[in-house]
Amino acid sequence: MEISKTYNPKEAELKWYPYWMNKGFFASKPNSNKKPYTIVIPPPNVTGVLHMGHMLNNTIQDVLIRRARMLGYNACWVPGTDHASIATEAKVVALLKEKGIKKTDISREDFLKHAWEWKEKYGGIILEQLKKLGASCDWDRTKFTMQPELSEAVIDVFIDLYNKGNIYRGVRMVNWDPVGLTAVSDEEVIYKEKDSQLIYINYKIKDSDDFITIATTRPETIMADTAVCVHPEDERYAHLKGKFAIIPLINKEVPIIYDDYIDKEFGTGALKVTPAHDINDYNLGLKHQLPVIDGLTADGKISEAAQIYVGIDRFACRKQIVKDLQEQGFVLKIDTIKNKVGHSERTDAVIEPKLSMQWFLKMEKISKPALDVVLNGEVKLIPEKFINTYRHWMENVHDWCISRQLWWGQRIPAWYDNKGNTVVCKTKEDAFEKLLSKNSELSIENIHQDEDVLDTWFSSWLWPLTVFDSNVIKNGWDKANEDLKYYYPTNDLVTAPEILFFWVARMIIAGKEYTGRVPFNNVYLTGIVRDKQGRKMSKSLGNSPDPLDLIEKYGADGVRVGMLLSSPAGNDLLFDESYCEQGRNFANKVWNAFRLIKGFEVGAIKQTEAQISAINWFDHKLNEQLNLINDYYAKYRMSDALMATYKLVWDDFCAWYLEAIKPDFIDGKAQPIDKVSYEATLNFLEKLLVIMHPWMPFITEEIWHLIAERAEKDCCMLASWPALKKTDEALLNNFEVIKEVVATLRNLRAQKQISPKEKLQLFENSNNERISLNPVVSKLANLSSFENTQQKTDGAFSFMISNAEFYVPLVNNINTVEEKARILKELDYSKGFLKSVQAKLTNEKFVNNAKPELIELEKKKENDTIQKIQTLENQLKSIT
RNA sequence: GGGGGGUUAGCUCAGCUGGUUCAGAGCACCUGCCUUACAAGCAGGGGGUCACUGGUUCGAACCCAGUACUCCCCA
């Protein structure tokens with residue numbers, strides 16, 4: 001069989017993904033004989049396409065789930081998407097616009113029809129992309145947050161929380177997105193630092209020539225001012241008590257009020273109060289019973305209430321009004337300041353604080369258990385540093401604005417009659433009955449449902465519950481179905497820190513509220529994928545590579561390895577394609593190791609001593625490293641686990657083991673290998689494939705099947721994770737010395753320009769039998785002989801390793817000057833070392849305070865070093 | 001303004017509850033090699049005042065305080 005010299009990932013990817021999927025290897029069903037291991041995917045936005053963040057996130061999930069499967073768990077990874085109300089609605093509106101249809105011209109029902117069509121056609125592309133990555137999700141379980149059963153659960157939750165008194169409707173200052181035409185939650189507002197103009201405007205004082213100067217960054221709102229506020233202890237304004245200021249241009253009188261909320265230092269110390277357009281002003285307004293004038297329309301234009309500039313956009317108005325105020329002499333001066341301006345996460349529009357009627361969820365009580373479970377470790381955050389952040393948020397939690405002025409989403413089940421009565425229930429018929437008791441003349445036609453939908457997070461906070469049992473809200477935990485009882489609580493959640501509150505906290509809240517149980521035991525928080533300059537990857541910057549292009553270029557395995565090599569939990573990943581290259585190179589290395597082994601010809605010959613020794617060593621090495629890798633996994637140190645795997649394969653297996661057992665060439669012909677060594681090697685390779693599989697599912701499966709003809713279910717992905725046994729530490733330490741001897745000889749060749757083909761003689765003078773004469777040294781250093789000697793060898797290159805002396809007789813005389821310098825340098829180092837050790841041992845405080853083991857260790861170091869110095873001095877003498 | 005991180009090699013990061021002359025890994029870099037598994041490779045090598053200042057200690061990259069710079073979250 002001809003095997004190509006470089007690994008071709010595409011072939012394996014096209015072959016094995018469908019194979020795994022069609023054989024049902026990803027599928028999971030409850031099985032009381034097996035322990036479950038469950039992950040629910042953070043549902044990507046249904047409009048989304050795969051980006052680097054998904055790539056990182058989902059690779060980690062796949063690694064965890066594949067390893068769990070190999071460890072014998074019933075592994076279940078539930079995929080799906082969320083309906084992303086704002087983003088999707090925006091896409092649909094845009095699409096309709098292309099067709100010449102305005103949203104306002106069609107009915108809600110028609111709009112939703114278009115939206116569903118859009119979703120069926122384009123939604124879920126991202127799930128197909130995940131398959132390219134190798135994601136071993138149970139696709140039969142794919143869910144969508146707006147599918148009927150899941151939506152019904154959302155409505156059930158709303159009704160339930162309303163009935164419990166946790167949901168209320170009220171006029172509040174919300175973050176208004178004038179482009180999306182909806183309220184957004186606090187978490188969806190991104191504050192960006194901007195240079196703004198701080199404009200100092202003179203307001204005349206009524207019945208006086210005096211005036212008061214206010215400073216504002218938002219002059220277009222002055223028409224909605226209802227007071228001017230100053231600090232009660234500010235002497236500058238003490239004389240204005242009881243007076244009125246006059247708003248320029250519209251000549252409206254507003255009172256001057258006093259409140260110690262005012263910062264005397266900022267601006268002029270006089271604040272224009274605009275209750276409708278600033279949360280602080282709003283609170284001031286409440287306190288001082290000021291009227292509220294809404295000077296803006298929903299889409300960010302100046303409203304009728306403002307009297308002037310009506311219908312002009314808020315930013316255009318800002319320019320115009322400054323100009324007009326200047327012309328009429330009201331502007332004292334203009335400063336440029338830096339301030340933070342809120343932007344909508346979805347539309348990037350400048351957020352407008354706006355008073356509006358919204359639905360809220362009271363958070364204080366309901367969130368308490370969700371804080372406790374994180375603090376007591378029932379839910380672990382990885383890395384732990386996020387616990388502080390989490391606590392801070394949970395202790396200062398605000399009520400959650402859950403209504404959105406959109407159509408795409410679960411419509412709020414609140415019903416109103418024509419007399420201002422409200423009921424909350426599922427159907428219009430129920431509503432009719434309920435309202436009838438309050439309003440006996442009511443007819444059903446006069447009932448209308450709330451126009452708003454619920455925040456998308458208000459459905460995704462149920463995700464870990466409803467993907468398994470959408471009836472759990474109705475029925476309660478005791479009547480939960482088999483799936484939920486078996487898979488829930490899930491094991492790990494892998495997500496980005498930026499949605500710790502948006503989503504993670506709220507899932508915990510919902511989990512505790514509806515099952516009394518947490519939704520997951522561990523939350524692994526990934527970093528953010530940034531570009532090399534540390535900028536967040538974004539479409540607008542165009543600095544994000546397309547993950548599918550990367551897969552095309554480096555193979556899925558290569559990209560997976562590349563992404564995980566350098567991303568410890570919670571650390572941002574400064575992405576660079578060279579990581580993928582490294583991943584691809586690793587895959588190729590594995591491929592070639594396989595080619596070598598596959599090329600061995602098995603013959604009826606005896607094992608060599610070197611092979612016996614190497615096999616014995618690697619057996620323990622693999623065991624040692626597996627133990628380490630398991631430990632890294634247990635601590636969720638993914639990149640460390642990967643790096644340990646990488647080095648085990650590349651360094652230990654390829655560079656040392658395979659070189660040691662590889663048969664020689666004689667007369668240009670590869671010699672055969674004995675059966676025992678061959679099988680041991682294949683066995684090692686298979687174990688390594690298993691260990692590599694979670695990171696590199698495709699190549700490992702491919703090689704697995706190239707090793708031998710396999711039965712249908714004899715797949716690498718279904719193989720068992722290797723078991724651990726006791727590691728012989730002494731054996732491993734000894735081999736480290738062997739490596740050092742070999743490295744020294746290689747170095748010698750390099751320095752003396754001795755060809756690797758030229759055989760060398762090596763003599764060892766030591767009583768350490770474990771190092772002595774190890775055949776692996778002869779093999780790897782290409783020795784003609786390796787013997788013990790008690791004699792000094794004159795004119796030989798000499799070196800010391802671990803208190804053993806070695807001599808290499810050289811044909812060309814060695815350079816005594818160089819040798820001497822080298823020995824002197826080592827001697828110098830050893831003497832310094834000895835001094836530091838002895839300093840400790842003669843230090844009474846050290847001897848009194850340090851642990852006994854430590855003192856023993858220091859004594860051993862002292863002895864060893866004294867011996868070494870002795871040997872070195874002898875060597876020096878023999879040279880001179 | 002409040003809270004939380006971070007600062008170790010050119011880059012990305014390890015370094016557990018202070019204890020080998022402790023300063024590490026991968027990549028990058030330099031040198032020599034197309035040695036019949038692999039140049040996507042092999043062998044060897046250089047590289048750091050552990051941000052700064054002070055303190056605690058027999059002993060500090062690690063603990064404490066302050067300074068500088070930086071990132072994130074919240075308002």
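To the nearest whole angstrom, the two C1' atoms, one in B/rG48 and one in B/rA9, are 5 Å apart. Across B/rU35 and B/rC29, the matching C1' atoms stand 24 Å from one another, rounded to whole Å. B/rC71 and B/rA25 are spaced 30 Å apart, taking the P atom of each and rounding to whole Å. Rounded to a whole angstrom, the distance from the P atom of B/rA61 to that of B/rC16 is 12 Å. Comparing the C1' positions of B/rU7 and B/rU67 gives an interatomic distance of 13 Å, to the nearest angstrom. Using atom P as the reference point in both B/rC63 and B/rG19, the two lie 11 Å apart (nearest Å). Nucleotides B/rA37 and B/rG26, compared at atom P, are 25 Å apart to the nearest Å. The same atom, C1', is picked in B/rU31 and in B/rG24; the two are 23 Å apart, to the nearest Å.
The phosphate of B/rA40 (OP1 or OP2) has no side-chain N or O of A/T6 nearer than 4.0 angstrom. Considering only side-chain N and O atoms, A/N388 lies under 4.0 angstrom from the phosphate OP1 or OP2 of B/rG5. A/Y554 has no side-chain polar atom (N or O) that falls below the 4.0 Å cut-off from OP1 or OP2 of B/rA40. Dashed line: the shortest gap from a side-chain N or O of A/K589 to OP1 or OP2 of B/rC42 is under 4.0 Å. Look at A/N747 and you won't find any side-chain N or O under 4.0 angstrom from OP1 or OP2 of B/rA43.
Regarding A/Q671, its CD atom lies at a distance of 13 Å from the C1' atom of B/rU36, rounded to whole Å. Spacing between atom CE of A/M638 and atom C1' of B/rC13 amounts to 17 Å, rounded to whole angstrom units. When the C1' atom of B/rG26 is taken as reference, atom CD of A/E581 falls 14 Å away, rounded to whole Å. Computed from coordinates, the A/F653 CZ to B/rC42 P distance equals 14 Å when rounded to whole Å. In this structure, A/I754 places its CD1 atom 14 Å from C1' of B/rA43, rounding to the nearest Å. Remark: C1' of B/rA39 and OH of A/Y7 are 21 Å apart, rounded to the nearest angstrom. Taking atom NZ of residue A/K5 and atom P of nucleotide B/rG41, one finds them 13 Å apart after rounding to whole Å. Between the CG atom of A/L642 and the C1' atom of B/rA25 there is a distance of 13 Å, rounded to whole Å.
Of the candidate nucleotides B/rC38, B/rG3, B/rG26, B/rG3 has the atom nearest to the side chain of A/H392. Nearest to the side chain of A/V837, among B/rA37, B/rA25, B/rU21, sits B/rU21. When each of B/rG4, B/rC58, B/rA37 is scored by its nearest atom to the side-chain atoms of A/K845, the top-ranked nucleotide is B/rC58. Here B/rG41 is the nucleotide among B/rC74, B/rG41, B/rU20 with the atom lying nearest to any side-chain atom of A/W650. For A/C654, the side-chain atoms get nearest to B/rA37 when compared with the rest of B/rG26, B/rU21, B/rA37. Taking the side chain of A/R530 as heavy atoms from C-beta on, and the options B/rC72, B/rC58, B/rG5, the nearest nucleotide is B/rC72. Nearest to the side chain of A/R746, among B/rG15, B/rA43, B/rA37, sits B/rA43. Listed nucleotides B/rA37, B/rA14, B/rA25 differ in distance to A/K647; the shortest reach to its side chain belongs to B/rA25. Here the nucleotide nearest the side chain of A/T389, chosen from B/rC73, B/rA37, B/rA40, is B/rC73. Closest contact between the side chain of A/F833 and the listed nucleotides B/rA39, B/rU20, B/rG26 involves B/rU20.
Within a 6.0 Å radius of NZ in A/K380, other residues, nucleotides and ligands contribute 12 heavy atoms or fewer. Shown here is A/E11, whose CD atom has no more than 12 heavy atoms of other residues, nucleotides or ligands within 6.0 Å.
Under the 6.0 Å distance and 45° angle rule, A/R584 does not count as a cation-pi partner of A/W695.
Across all strands shown, B/rG26 pairs with B/rC11; the Watson-Crick or G-U wobble distances both stay below 3.5 Å. Using Watson-Crick or G-U wobble geometry with both donor-acceptor distances under 3.5 Å, B/rG59 finds no partner in any strand shown. For B/rC42, the paired nucleotide is B/rG32, the pair qualifying as Watson-Crick or G-U wobble because both relevant distances are below 3.5 Å. Searching all strands for a Watson-Crick or G-U wobble partner of B/rU17 with both distances below 3.5 Å returns nothing. Nucleotide B/rU67 forms a Watson-Crick or G-U wobble pair with B/rA51, both donor-acceptor distances falling under 3.5 Å.
Here the straight-line distance linking atom OG1 of A/T645 with atom NZ of A/K647 works out to 11.0 Å at 0.5 Å rounding.
A/Y579 comes within contact range of the sugar-phosphate backbone alone, with a heavy-atom separation under 4.0 Å but no base atom that close. Contacts of A/L574 with the nucleic acid, taken as non-hydrogen atoms under 4.0 Å apart, involve only primed sugar atoms and P, OP1 or OP2. If you check every strand for non-hydrogen atoms under 4.0 Å, A/R637 touches sugar and phosphate atoms only. A/A593 comes within contact range of at least one nucleobase, with a heavy-atom separation under 4.0 Å. Residue A/A743 is classed as a sugar-phosphate contact, given heavy-atom separations below 4.0 Å to backbone atoms only. Residue A/E659 is in base contact, counting any heavy-atom pair closer than 4.0 Å across all strands shown. Within 4.0 Å (heavy atoms only), A/R584 reaches at least one base atom of the nucleic acid.
Residues A/S578 and A/K635 each lie close to RNA chain B; by heavy-atom proximity, the contact nearer the 5' end of the strand is made by A/K635. Nearest-nucleotide mapping onto RNA chain B: of A/W656 and A/K757, the residue sitting toward the 5' end is A/K757.
Across all their heavy atoms, A/D557 and A/E13 have their closest contact at N-OE2, 4.3 Å. Residues A/V341 and A/V350 approach most closely at CG1-CG1, 3.6 Å, considering heavy atoms.
Each of A/W393, A/W457, A/F386 was evaluated against A/F501; a single residue qualifies, A/W393, per the ring pair (Phe, Tyr, Trp, His ring centres under 6.0 Å) test.
Under the 90° criterion around 0 for the glycosidic angle, B/rU21 counts as syn.
Using cut-offs of 30° and 60° for the angle between ring planes, the A/Y657 and A/F618 rings count as tilted.
Counting only N and O atoms by type, the side chains of A/S578 and A/E581 include no donor and acceptor under 3.5 Å apart.
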